[in-house]
Amino acid sequence: NAGVTQTPKFQVLKTGQSMTLQCAQDMNHNSMYWYRQDPGMGLRLIYYSASEGTTDKGEVPNGYNVSRLNKREFSLRLESAAPSQTSVYFCASSSPGLGNEQFFGPGTRLTVL
Amino acid sequence: GIQVEQSPPDLILQEGANSTLRCNFSDSVNNLQWFHQNPWGQLINLFYIPSGTKQNGRLSATTVATERYSLLYISSSQTTDSGVYFCAGGLNTGNQFYFGTGTSLTVIP
């Protein structure tokens with residue numbers, strides 16, 4: 001089991017460029033999440049998907065869109081990147097049948113110039 | 001949203017010492033986890049502990065749900081314990097999950 005995988009690991013964008021961060025899990029979890037972590041802070045929830053076909057806003061959704069492509073995959077899109085979106089992005093998954101414990105991917109370090 | 005307060009924010013220990021980290025929640029949660037973020041940025045699950053006490057080797061955790069706090073105990077600390085410890089909690093899977101700002105632990109030989 002690979003667990004939760006994320007691509008790419010690193011990315012540098014110019015202001016105004018767009019990109020999609022990919023996340024996949026092989027644990028058959030129902031729920032998936034996208035977080036961002038800024039220096040010296042904890043993680044903040046951007047969007048989540050409680051189950052396939054549903055998505056909801058988290059604490060900091062502005063400037064992002066998500067797609068729950070299927071049960072395994074949950075992508076995060078930046079349509080027009082801004083320097084304020086420079087951060088480390090983490091994807092996570094969980095399932096109520098497994099006690100709701102969240103499992104995290106390795107993260108994507110994004111820099112917007 | 002739910003506010004999560006962690007203390008202390010920073011901690012320096014001599015190898016072999018014990019420590020207690022605390023996490024307070026502003027409201028009730030029924031999901032609660034402790035994580036260790038290593039120096040490479042990886043988030044490692046330590047405990048899923050919405051209530052009660054669990055132990056895993058030198059680490060143990062206790063959550064008192066009725067009083068909205070959780071404690072993480074590290075005994076006989078090692079240099080590999082260095083990093084940032086986060087607690088996080090929320091209500092039910094698929095909903096909001098709130099992180100504290102972490103406790104940065106440095107263990108010196």
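Each chain gets a letter, A, B and so on, in the order its sequence line appears, and its residues count up from 1.
A ring-centre distance under 6.0 Å is not found for A/Tyr48 and B/Phe97.
For a heavy-atom cut-off of 4.5 Å, chain B lies close to A/Lys57, A/Gly58, A/Glu59 in residues 57-85 of chain A. Residues from residues 61-69 of chain B never place a non-hydrogen atom less than 4.5 Å from a non-hydrogen atom of chain A.
The cluster map of Ile, Leu, Val, Met, Phe, Trp and Tyr, joined by side-chain heavy atoms under 4.5 Å apart, puts B/Phe35 and A/Tyr89 in different clusters. Cluster membership for A/Val112 and A/Tyr35, using ILVMFWY side-chain heavy atoms within less than 4.5 angstrom, is not shared. No single ILVMFWY cluster, assembled from side-chain heavy atoms under 4.5 Å apart, contains both A/Val88 and A/Trp34. No single ILVMFWY cluster, assembled from side-chain heavy atoms under 4.5 Å apart, contains both B/Phe99 and A/Tyr47. Under the 4.5 Å side-chain contact rule for hydrophobic residues, B/Leu46 and A/Phe104 do not share a cluster.
Other residues, nucleotides and ligands place more than 12 heavy atoms under 6.0 Å from the CD atom of B/Glu15. Summarising the local packing, CZ of B/Arg22 is surrounded by more than 12 heavy atoms from other residues, nucleotides or ligands at distances under 6.0 Å. Counting non-hydrogen atoms of neighbouring residues, nucleotides and ligands closer than 6.0 angstrom, the CD1 atom of B/Ile12 reaches no more than 12 such neighbours.
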>> Set out, in order, the CA-CA distance, both residues' side-chain angles and the distance that settles side chain to side chain contact (heavy atoms under 4.5 Å, CB included) for A/Gln37 and B/Phe86, then state yes or no.
In response: CA-CA 12 Å; A/Gln37 184 180 26; B/Phe86 290 103; 3.4 Å; yes

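For chain A, the nearby part of B/Gln33 is the side chain; its heavy atoms alone come within less than 4.5 Å. With a 4.5 angstrom heavy-atom cutoff, B/Gln6 does not touch chain A via any of its atoms.
Of the inter-residue distances, the one linking A/Gln102 atom CD with B/Leu43 atom CG reads 10.5 Å to the nearest 0.5 angstrom. Taken from CG in A/Leu43 to OH in B/Tyr98, the straight-line distance is 14.0 Å, to the nearest 0.5 Å.
In terms of modelled atom types and a separation under 3.5 Å, the side chain of B/Asn45 and the main chain of A/Phe103 share no donor-acceptor contact.
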